[in-house]
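Beneath this line is the structure, given in structure tokens, with notes to follow.
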Amino acid sequence: MLTPRPPTNTRASLKYVPLLLKTSPTPSSSLADPIKLLNKLAETRNLKVGKVLHAQLITSSHASEIGDVFRSNSLINFYAKCDEIPVARHLFDQMSDRNIVSWSALMTGYLHNGLALEVLGLLKELVSGENLRPNEYIFAIALSSCSVSGRVEEGKQCHGYVLKSGLVFHQYVKNALIHMYSRCMDVEGAMWVLNTLPGYDIFSYNSVVNGLIDLGYLREALEVLGCMVTIRNAWDNVTFVTLFGLCARLKDLKLGMQVHGQMLKSDVESDVFVSSAIVDMYGKCGNIANARTFFCGFPNRNVVSWTALMAAYFQNGYFEEALHLFMEMEVHDVMPNEYSFAVLLNSSAGLSALRLGDLLHARIEKSGFKDHTIVGNALVIMYSKSGNIIGANKVFLGMIFRDSVTWNAMISGYSHHGLGKEALNVFQDMLAAGVSPNYVTFIAVLSACAHLGLVQEGLYYLNQLMKQVGVEPGLEHYTCIVGLLSRAGLLDEAENFMRSTPVKWDVIAWRTLVNACHVHRNYGLGKRIAEFVIQMDPHDVGTYTLLSNMYAKERRWDGVVKIRKLMRERNIKKEPGVSWLEIRNTAHVFVSEDKKHPEYSQIHEKVQELLAKIKPLGYVPDIASVLHDVEDEQKEAYLSYHSEKLAIAYGLMKTPSEASIRVIKNIRMCDDCHSAAKLISKVTNRVIIVRDANRFHHFQDGGCSCADYW
DNA sequence: AGCCAGCATG
């Protein structure tokens with residue numbers, strides 16, 4: 001990994017450098033001046049002019065000056081800073097008489113070019129030599145090399161050496177040492193150095209705190225920060241960036257605001273890093289208004305701060321606003337980067353806006369960010385969430401680098417689309433590719449097993465494979481097992497599993513079981529569990545719905561009335577069913593029983609026409625599920641007003657006969673619409689894809705990819 | 001003449 005460098009200002013230095021070259025006044029000062037100049041050029045990384053100067057030095061030098069150590073060191077430093085490592089190395093090798101600076105200049109070059117192991121090799125060479133003793137510069141570099149390469153052993157050897165030699169009392173060395181222990185996951189070592197050796201600065205503290213955060217010890221990090229209040233006036237930008245990051249991870253808005261207040265009182269200036277961290281903190285803590293206000297008041301924005309705000313909108317569910325910010329950003333001439341595109345794609349996915357996602361994809365192809373893994377990952381997720389699983393797979397196959405997120409996205413994409421077999425195939429490929437599955441992977445794998453009814457395989461993954469690869473099963477995995485067992489009809493086993501597994505089960509897990517009872521028509525067990533769930537959470541709307549459906553299926557109207565009364569008393573309202581679909585660039589929104597669409601009468605006519613066509617194929621309106629207190633014919637009418645029926649009908653009216661129709665629905669699809677959609681796909685010979693609150697349904701030729709279980 | 005930290009995506 002490269003260490004960031006200060007920004008270069010090539011243009012400015014080009015202006016005055018030739019002048020300086022000409023005005024090198026007398027031969028006597030020609031030794032000192034080129035060195036100053038070379039340092040300046042190294043600082044600004046002006047390779048072009050430096051090369052010219054180097055050539056001049058060679059042609060104009062006296063023989064005695066060629067071997068001059070100072071000049072060679074400056075040249076090594078210059079080429080190392082310009083990332084011309086082979087040249088620096090060549091100069092180093094050519095020197096007959098090196099001093100310690102020659103070594104440190106070259107080692108710095110290696111370190112900043114990601115060649116930390118070369119640094120450690122040079123160190124070995126240096127200490128085994130006779131005439132030179134490594135100094136504090138050498139160890140600051142060497143320890144930093146141990147940090148980036150994770151070489152704790154070498155780091156500890158350096159520690160021993162600097163202790164014996166007394167070099168450890170140099171602040172740079174001490175800080176490098178603390179940083180080494182922090183980065184190598186040895187926070188105790190870092191704390192020990194911090195606390196036992198005299199002299200600390202804010203740098204040491206920042207390193208330890210960041211080390212703790214990297215290890216996930218957030219509370220401990222906060223404790224160390226607490227110790228730092230005594231030196232609060234020493235806090236710098238890094239401290240605040242770290243602290244805001246911590247508040248964001250803890251989702252502690254109160255603390256975040258306190259820290260923000262502290263920062264305003266201190267004389268630390270808010271640079272782009274701090275301001276991005278503040279925007280991010282407010283976003284992650286759910287206070288989008290503060291994120292926006294702060295962003296607007298901060299003049300020096302860059303891509304990062306824009307992206308942080310976009311992400312803040314995205315994380316809080318304001319997908320349109322995130323996408324709108326993209327346009328604002330373009331107006332301000334800020335170029336998006338790979339992170340911006342990832343957030344935009346995720347926002348697009350949040351809206352299931354396939355067409356917009358396609359447009360973004362085209363932009364990304366042109367932008368040059370398409371081979372960034374985070375962009376590829378976001379594309380896979382976008383296509384999958386927008387209902388185009390084939391598109392998702394196409395991106396997946398075209399990716400050059402795949403990380404665990406990539407694999408997880410593809411596996412869970414297939415799984416959500418009910419394509420369990422494909423999901424498990426990708427999982428096998430993942431293992432074959434040597435990528436370790438993680439917590440998220442197994443959620444997707446287990447739910448794929450559930451779709452396929454692979455009980456034995458699922459239990460094998462939970463009990464054997466997860467242990468083998470060292471992933472501790474959590475609530476989500478156990479919930480998948482509940483789904484797996486109950487989906488296979490093993491309802492009692494599922495309940496026993498829940499009673500015997502020592503996990504803190506949540507409402508989602510219990511509702512999974514209720515849902516399974518509903519599908520498998522085991523209303524006795526289903527009602528018992530459902531009653532239990534609504535005791536646990538009196539506001540779980542989904543369970544009330546399932547419970548009253550089960551009473552209705554049993555024609556137990558007293559039960560239905562009881563549930564409805566309960567819901568009224570507890571002021572629980574069913575979320576109205578909303579479905580929408582994209583036709584060209586417009587989203588058409590349909591609300592159940594809502595007649596506001598301008599083409600409502602034609603749409604209604606189309607629904608009637610479709611229902612008439614599918615009745616001969618066996619469609620029977622599920623009037624038992626209608627909870628309105630009305631006559632049967634009217635119940636049938638209510639069913640025909642369901643939002644997904646309206647949306648499907650509209651799609652059929654407005655798109656060419658070969659196009660597939662993609663509908664998105666906010667809540668679970670109802671049984672009646674599900675069986676109607678299956679038959680509609682048959683009579684119209686269309687592919688209809690419906691994304692409901694839980695998953696995707698691919699209706700084709702009279703069947704659904706969920707195999708009637710959802 | 002040379003040396004040690006930090007932010008945004010999933």
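All of these numbers come straight from a predicted model, not from anything done at the bench. All chains are named by letter (A, B, ...) in the order of the sequence lines, taking the proteins before the strands, and each is independently numbered beginning at 1.
If you take CG of A:L344 and P of B:dG10, they are 12 Å apart, rounded to a whole angstrom. Distance CE (A:M410) to P (B:dG10): 19 Å, rounded to an integer number of Å. If you take CZ of A:R249 and P of B:dT9, they are 12 Å apart, rounded to a whole angstrom. Rounded to whole Å, atom C1' of B:dC4 lies 10 Å from atom CD1 of A:I178. Taking atom CE of residue A:M107 and atom P of nucleotide B:dA1, one finds them 20 Å apart after rounding to whole Å. With rounding to whole Å, A:K174 atom NZ is found 22 Å from B:dC3 atom P. Distance A:E136 CD to B:dA1 C1': 14 Å, rounded to the nearest Å. Between the P atom of B:dA5 and the CE atom of A:M180 lies a distance of 13 Å, rounded to the nearest Å.
Remark: the A:E43 side chain and the A:N39 side chain contain no N/O donor-acceptor pair separated by less than 3.5 Å. Side-chain atoms of A:Y79 and A:H54 include a donor-acceptor pair closer than 3.5 Å. A donor-acceptor pair shorter than 3.5 Å cannot be found between the side chains of A:E188 and A:Y181.
Between the side chain of A:D403 and the base of B:dG10, a donor-acceptor pair under 3.5 Å is found. With hydrogens and angles left out, the side chain of A:N99 and the base of B:dA1 share a donor-acceptor pair within 3.5 Å.
Residue contacts shown for A:V343 are limited to sugar-phosphate atoms, with no base heavy atom under 4.0 Å away. Residue contacts for A:N77: at a heavy-atom cut-off of 4.0 Å it reaches the sugar-phosphate backbone alone, with no base atom in range. Within 4.0 Å (heavy atoms only), A:N39 reaches sugar-phosphate atoms of the nucleic acid but no base atom. As judged by a 4.0 angstrom heavy-atom cut-off over every strand, A:I141 is placed among residues touching the sugar-phosphate backbone only. Using a 4.0 Å heavy-atom distance criterion, A:N346 is classed as a sugar-phosphate-only contact. Across all strands, A:I100 comes closer than 4.0 Å to base atoms (heavy-atom distances). Among the protein residues, A:E338 comes within range of no part of the nucleic acid, since none of its heavy atoms lies under 4.0 Å from any strand.
A salt bridge does not link A:R89 with A:E84: every distance from a Lys NZ or Arg NE/NH1/NH2 to an Asp or Glu carboxylate oxygen is 4.0 Å or more. Ionic pairing of A:R45 and A:D83 is present here: one or more N-O contacts between side-chain nitrogen and carboxylate oxygen are shorter than 4.0 angstrom.
Considering only residues two or more places apart in sequence or on other chains, A:E154 meets the salt bridge (charged side-chain N to carboxylate O under 4.0 Å, His left out) condition with A:R151.
Of all nucleotides listed (B:dC7, B:dC4, B:dG2), B:dC4 comes nearest to the side chain of A:N175. Listed nucleotides: B:dC3, B:dG6, B:dA5. Nearest to the side chain of A:S144: B:dA5. Taking only side-chain atoms of A:N73, from C-beta outward, the nucleotide of B:dA5, B:dA1, B:dA8 with the closest atom is B:dA1. Looking at the side chain of A:V241, the nearest of the listed nucleotides B:dC4, B:dA1, B:dG6 is B:dG6. In this structure, the nucleotide among B:dA5, B:dG10, B:dT9 sitting nearest to the side chain of A:F314 is B:dG10. Between B:dG6, B:dG2, B:dT9, one nucleotide has an atom nearer to the side chain of A:R183 than all others, and that is B:dG6. For A:I35, counting side-chain heavy atoms from C-beta on, the closest listed nucleotide (B:dC7, B:dA1, B:dT9) is B:dA1. The side chain of A:H112 lies closest to B:dC4, out of B:dC4, B:dC7, B:dT9.
Annotation: salt bridge (Lys or Arg N to Asp or Glu O under 4.0 Å) contacts involving residues 276-302 of chain A, sequence neighbours excluded, comprise A:D280-A:K284, A:R292-A:E328.
A:F203 qualifies as a stacking partner of the B:dC4 base, centre to centre under 5.5 Å and near-parallel within 30°. Residue ring and base: A:Y137 counts as stacked with B:dC3 (centre distance below 5.5 Å, interplanar angle below 30°).
Here A:K81 reaches the OP1 or OP2 of B:dC3: one of its side-chain N or O atoms lies under 4.0 Å away. The side chain of A:Q171 places no N or O atom within less than 4.0 Å of a non-bridging phosphate oxygen (OP1 or OP2) of B:dC3.
Counting only distance, with no hydrogens or angles, the side chain of A:H477 and the backbone of A:Y439 share a donor-acceptor pair below 3.5 Å. Between the A:S207 side chain and the A:F203 main chain, a donor and an acceptor come within less than 3.5 Å of each other.
Near DNA chain B, defined here as any heavy-atom distance below 4.0 Å, the residues from residues 280-297 of chain A are A:D280, A:K284, listed numerically.
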